[in-house]
Amino acid sequence: MDKLKEFLQWNIDHPHNVSFKNIVRYEDRGDTLKSMARMIYMLECKFPILNAGVDIPWAIIELHNKQAWANHGQSLERLAERGGLGWGEALAVLEDRKYKYIDEGVARKQVLEIIANFYKLN
């Protein structure tokens with residue numbers, strides 16, 4: 001992930017480099033640079049787990065924002081402002097399913113496995 005952040009930041013700092021100009025049309029460059037900055041923000045941000053003193057990477061849970069809305073009727077940003085989600089709730093969002101009670105210890109283990117697998121693949 002650090003290499004990705006370095007790549008994105010370098011392109012933001014050097015928007016006139018030949019590679020960037022060859023890949024992105026002139027009309028799309030502003031939007032592309034804004035998207036790159038948003039990606040860096042998401043890579044650095046953390047999402048809180050309620051009463052656990054633990055945060056998970058925002059970039060992982062952001063992929064499931066639609067399920068957070070379905071389960072909680074709120075955006076991830078609003079949920080984070082309110083303290084985040086419990087382990088079971090976070091697991092349901094990450095698995096794109098409705099919330100159903102699960103032991104917090106079991107849910108914690110599964111959430112951490114999802115995060116580890118994300119980093120292995122990315």
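Along the sequence shown, residues carry numbers from 1.
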Spacing of [X] atom [atom1] and [Y] atom [atom2] [to the nearest 0.5 Å]:
{"X": "E62", "Y": "S75", "atom1": "CD", "atom2": "OG", "result": "9.5 Å"}
{"X": "N65", "Y": "Q74", "atom1": "CG", "atom2": "CD", "result": "11.5 Å"}
{"X": "E77", "Y": "R82", "atom1": "CD", "atom2": "CZ", "result": "14.0 Å"}
{"X": "I61", "Y": "I115", "atom1": "CD1", "atom2": "CD1", "result": "8.5 Å"}
{"X": "M36", "Y": "D31", "atom1": "CE", "atom2": "CG", "result": "12.0 Å"}
{"X": "K100", "Y": "N71", "atom1": "NZ", "atom2": "CG", "result": "13.5 Å"}

Consider only side-chain heavy atoms of I, L, V, M, F, W and Y, link residues closer than 4.5 Å, and tell whether [X] and [Y] are in one cluster.
{"X": "I114", "Y": "Y99", "result": "no"}
{"X": "F118", "Y": "F47", "result": "yes"}
{"X": "L94", "Y": "W58", "result": "yes"}
{"X": "V54", "Y": "L76", "result": "yes"}
{"X": "V106", "Y": "I56", "result": "yes"}

Apply side chain to side chain contact (heavy atoms under 4.5 Å, CB included) to I102 and W87, showing your working. CA-CA 9 Å; I102 183 172; W87 287 111; over 6 Å; no
Is there a side chain to side chain contact (heavy atoms under 4.5 Å, CB included) between Y119 and I60 once you walk through the steps? CA-CA 9 Å; Y119 283 113; I60 295 172; 4.2 Å; yes
Where do Q110 and E95 land on the side chain to side chain contact (heavy atoms under 4.5 Å, CB included) test, with the steps shown first? CA-CA 10 Å; Q110 291 179 2; E95 292 180 338; 4.0 Å; yes
Would you say the side-chain atoms of [X] pair up with the backbone N or O of [Y], donor to acceptor, closer than 3.5 Å?
{"X": "H14", "Y": "W10", "value": "yes"}
{"X": "N11", "Y": "F7", "value": "yes"}
{"X": "E89", "Y": "G86", "value": "yes"}

[X] versus [Y], closest heavy-atom pair with distance:
{"X": "L33", "Y": "I12", "value": "CD2-CA, 3.9 Å"}
{"X": "L63", "Y": "A59", "value": "CG-O, 3.5 Å"}
{"X": "K98", "Y": "A92", "value": "O-CB, 4.0 Å"}

Are there over 12 heavy-atom neighbours, none belonging to R97, within less than 6.0 Å of that residue's CZ? yes
Take L85 and L79 through the side chain to side chain contact (heavy atoms under 4.5 Å, CB included) test and state the conclusion after the steps. CA-CA 7 Å; L85 296 172; L79 289 167; 4.0 Å; yes
Any ion pair linking K109 and E113 (charged N to carboxylate O, less than 4.0 Å)? yes
